[in-house]
Amino acid sequence: MNNLTTIDTSAAGSAAFYQPQGNEEALFMHAYEHQLPVLLKGPTGCGKTRFISYMAEKLGLPLHTVACHDDLSASDLVGRHLIGDGDTVWSDGPLTRAVREGGICYLDEVVEARKDTTVVIHPLTDDRRILPIDRTGEVLEAPDNFMLIVSYNPGYQNVLKGMKPSTRQRFLSMSFDYLPAAEEAAVIVHETGVDQAVADRLVALANSLRELKDQDLEEGASTRLLVYTATLIAAGFEPLQACRAGMIEPLTDDTQTVVGLMELVQATFGAQ
Amino acid sequence: MEERVGQVWDRWITKLAYQGHPEAAVQLDDVKAALGVFYRGLGGDSGLTISATTPTLHRARRNWLHRVAGTGSKVELAWYDERCLYLPQRLDVFPQADLNRELYFWLAALAGTPASAEVHRGMNWLVDNQQRCLQTLSLFPGLKPRYQRLVDAFTARRDPAELKHNGQAAVLSAIYQALRHPGSVTELPADDFAPDPVPLWLHPNPPRAEGLHSEDNGKDRDSSQGQSKAGEQRRRQAERVEKPEENGTTLGVRHEADLFSYAEFCQMDRGCEDEDDLDQAESIANDIDKMAVTQDSTPVASRIKFDLDLPSAQEDDIPLGEGIRYPEWDYKRQVMLPDYSCIVPMESRNAEACDLPGHLQATARRLRRQFEMLTNRSVRLRSQYDGDELDIDAYLQHRSARMTGRGDDGRLYSQKRQLQRDLSCLLLADLSLSTDAWVGTRNPGEDCQVIDVIRDSLYLFSESLHASEDQFAIHGFSSRRREHVRFNCLKDFGETYNDTVRGRIADISPGFYTRMGAAIRHASVLLAKQPAEKKLLLIVTDGKPNDLDRYEGRHGIEDTRKAIQEARSQGLVPFCITIDEQANQYLPYLFGRQGYTFIHRATELPKKLPQLYLKLTGKLLEH
């Protein structure tokens with residue numbers, strides 16, 4: 001019916017595992033209680049999305065996630081008339097649905113979306129908390145348990161796709177970063193079941209790679225990539241091969257850089 | 001005839017005495033790029049470049065063959081200072097190429113492992129290296145098997161039991177012990193000679209020429225830009241000596257201990273030297289142990305002509321105003337030096353309005369047509385969920401789908417969308433003296449210099465951007481110490497591109513040095529004032545940042561890097577276009593690997609620049 005990437009995880013069974021970085025949980029609870037919108041920033045794969053699903057579960061709210069892309073427009077969020085059999089039917093977009101039903105609406109990588117989306121976001125983020133729908137003439141008032149959350153990655157092309165200050169100033173902001181080594185290793189062990197020793201080495205390697213950001217690499221290895229790699233290792237892959245597929249090749253296309261990084265992997269894991 | 005026999009004998013005995021394995025040699029150049037990534041990944045200083053080391057005297061005992069051949073007294077070992085990581089030009093210690101390659105990575109690891117403070121100072125070579133080994137192996141346990149292989153191969157080369165001198169055998173055994181069990185040996189047994197060099201360790205006493213990089217030596221010194229690119233870029237041990245008295249001897253024996261070392265004072269008056277002499281000087285320099293460079297009042301060797309006096313005020317471009325002061329980054333002290341350098345905006349004095357040169361007309365016409373397509377225009381997107389008009393095609397398709405009983409998603413509209421190019425670009429051209437060099441042929445039979453290439457590039461760039469109606473400005477810069485950073489305005493943002501601007505472009509000429517940081521700071525200020533949403537700072541250069549004072553080397557690199565970071569934080573997008581073949585050694589550190597591009601054949605720059613701009617701004621504006 002429509003092509004939006006809407007993931008409703010409210011029905012997910014197992015509780016999401018989340019390793020807190022600081023006071024973000026308390027801050028989030030307050031934001032929810034006082035009906036304030038929240039902005040999350042941080043490098044890719046450091047746990048922003050995971051944090052949201054964890055909090056949604058904790059608060060018992062349905063979660064509407066929209067992965068924003070460069071062609072996402074306001075009507076993709078709000079909804080549109082579709083041609084039905086003999087007549088036109090109004091179809092709610094994910095934002096409208098979240099406002100009607102209540103729950104968390106999470107706009108992932110919001111800076112990717114087209115600029116007209118800010119028009120519909122703005123009235124929801126101030127004290128009015130309304131969503132006017134021009135097409136149908138409705139003005140929806142957000143229920144108390146509605147919460148708008150946006151995220152973006154300031155390191156990634158921040159200059160080109162930065163957030164406008166006027167939009168940014170409407171949100172409570174939280175900054176995320178990669179976890180300290182010991183905690184990141186704990187996350188990997190929990191997620192994949194690899195040995196503590198393997199997890200420690202993976203994290204050490206990732207921190208080496210993060211040092212190369214902006215010079216040899218565009219971006220450092222994310223916790224997500226670490227989990228992928230650890231999954232391969234847990235499934236019986238050779239660590240060297242797993243690192244190559246999970247951590248090195250995803251980060252660079254330059255062959256000489258790959259050679260150098262593989263030497264680094266060997267120095268960390270040892271030649272087998 | 002005698003000479004011929006001598007040469008053959010020399011070649012034969014040298015080969016016989018040589019202990020390496022040339023057939024398994026690994027060249028530094030082949031592994032340099034990967035080594036760099038590896039070294040930085042281990043935690044090595046990311047500002048260092050990797051460079052070939054100089055062979056140094058080791059003063060260990062030599063075998064009779066070496067003594068007969070007169071070789072083997074020097075060895076290339078790894079070491080590093082604040083600017084470079086020096087590794088041997090090639091390694092052929094082991095008969096297997098694999099092992100030689102591994103040795104390179106091992107040396108990089110040894111130098112790259114962050115050493116604790118006490119490792120840095122006060123410890124002797126033996127203990128220091130063992131401590132480093134321990135630290136490297138404990139941080140990177142994966143290196144253990146490789147280290148073991150290297151140690152095994154190294155210790156298998158020579159058995160201490162076969163050595164005639166007891167002292168030497170004892171020393172060698174101790175070194176083997178230290179290699180096999182790092183940290184276990186604190187002192188070497190006494191011996192008349194220095195211990196044999198250990199290729200697995202860093203240099204015992206790295207050659208450092210004191211005063212070579214003195215803060216501001218006030219002399220017009222060779223900027224090393226003119227030196228030959230080709231050939232081995234081995235560093236030569238250099239130390240600064242006092243200029244001998246006019247009637248003094250020309251053979252200065254400096255170290256009584258090395259009576260057999262070969263140090264020579266050659267008065268080099270490069271002013272009258274021709275090419276042959278230069279070649280000879282190079283071969284002498286390879287043999288000589290220490291090359292002494294005196295601080296003479298005349299400029300030192302250079303392969304390009306130097307003409308560094310500023311032109312007289314009547315001849316020079318017109319300075320606009322007193323000059324604008326900018327800070328400079330001192331990386332050693334990690335502080336900004338306020339108002340340190342002075343930007344002098346200049347306007348060309350002799351520029352006369354002119355038309356586009358004939359040889360560019362055809363290309364310019366083609367580019368103009370291409371860039372006109374980019375002017376702000378709108379496109380109609382078909383098959384949209386909503387829009388301002390019905391898309392007839394989509395509607396027909398929808399109807400027919402319905403009639404055949406299939407459903408579709410009802411994208412029946414077409415939408416008009418304005419494609420905005422809200423973009424400002426400032427092009428900053430390096431007009432330093434190095435642009436005086438010859439680079440190739442522009443048209444068949446017509447040689448051209450870097451400055452010609454840059455001039456043509458500026459022309460075609462302007463023609464293209466003029467056609468696309470993008471906002472742009474062009475400035476050139478060159479510097480002569482921090483007080484005089486010339487900033488030539490070729491086209492301001494407000495100006496239209498016309499014959500006057502073309503005249504200014506025609507008038508550009510090679511200037512002085514490249515104080516890039518200050519120029520970037522000033523350009524950033526100009527560009528940041530632009531109202532456009534996206535701002536591109538293009539830097540076209542042919543070499544590293546440098547200047548007469550300490551801006552040469554690390555200081556200049558770090559300051560430029562800082563200036564680029566500042567530009568980024570102001571929301572500008574800096575991008576560098578270079579024709580310097582060595583660029584990949586320092587530009588990633590300055591601009592990031594995605595932040596620059598290298599044009600292989602300089603003469604293609606004029607044609608490539610507009611295309612590059614297209615690609616860049618396409619990336620910028622695809623949103």
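Owing to the predicted nature of the structure, the values given are computational and were not obtained by experimental measurement. Below, chain A is the first sequence line, B the second, and so on; all start at residue 1. Any value given below was found using the heavy atoms of this structure, including those in side chains, with hydrogens, waters and symmetry copies removed.
In this structure, B:Q384 CD and A:S75 OG are separated by 9.0 Å, a value rounded to the nearest 0.5 Å. Rounding to the nearest 0.5 Å places CZ of B:R40 at 11.5 Å from CG of A:L264. A distance of 13.0 Å separates CD of A:E263 from CZ of B:F140, quoted to the nearest 0.5 Å.
Looking at heavy atoms from C-beta onward, B:R146 lies in side-chain contact with A:Q266 at the 4.5 angstrom threshold. Looking at B:V37 and A:Q256, their side chains never come closer than 4.5 Å, going by heavy atoms from C-beta outward.
The candidate from B:G592, B:G41, B:P141 with the greatest count of non-hydrogen atom pairs under 4.5 Å with chain A is B:G41.
Of the two parts of B:F105, only the side chain, counted from C-beta on, holds a non-hydrogen atom closer than 4.5 Å to a non-hydrogen atom of chain A. Contact of B:N584 with chain A is not made at all, since no heavy-atom distance falls under 4.5 Å.
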Tabulate below the donor-acceptor pairs under 3.5 Å that side-chain atoms of residues 224-236 of chain A make, not counting sequence neighbours, or state none.
{"from": "A:R224", "atom 1": "NH2", "to": "A:T44", "atom 2": "OG1", "distance (Å)": "3.1"}
{"from": "A:T229", "atom 1": "OG1", "to": "A:L225", "atom 2": "O", "distance (Å)": "2.8"}
{"from": "A:T231", "atom 1": "OG1", "to": "A:V227", "atom 2": "O", "distance (Å)": "2.5"}

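For B:Y331, the OH atom counts as densely surrounded, since its 6.0 Å shell holds more than 12 non-hydrogen atoms of other residues, nucleotides or ligands. The environment of A:D253 atom CG is sparse: at most 12 non-hydrogen atoms of other residues, nucleotides or ligands sit within 6.0 angstrom.
The interface of residues 196-212 of chain A with chain B, defined by heavy-atom distances below 4.5 Å, comprises A:R201, A:S208, A:L212. Contact residues of residues 241-250 of chain A toward chain B are absent (heavy-atom distance under 4.5 Å).
When all heavy atoms are compared, the tightest approach of A:A267 to B:F38 is CB-CE1, 4.0 Å.
Judged as a side-chain contact (heavy atoms from CB on, under 4.5 Å), and not counting sequence neighbours, the contacts of B:V26 are B:V31, B:A97, B:N100, B:R101, B:Y104.
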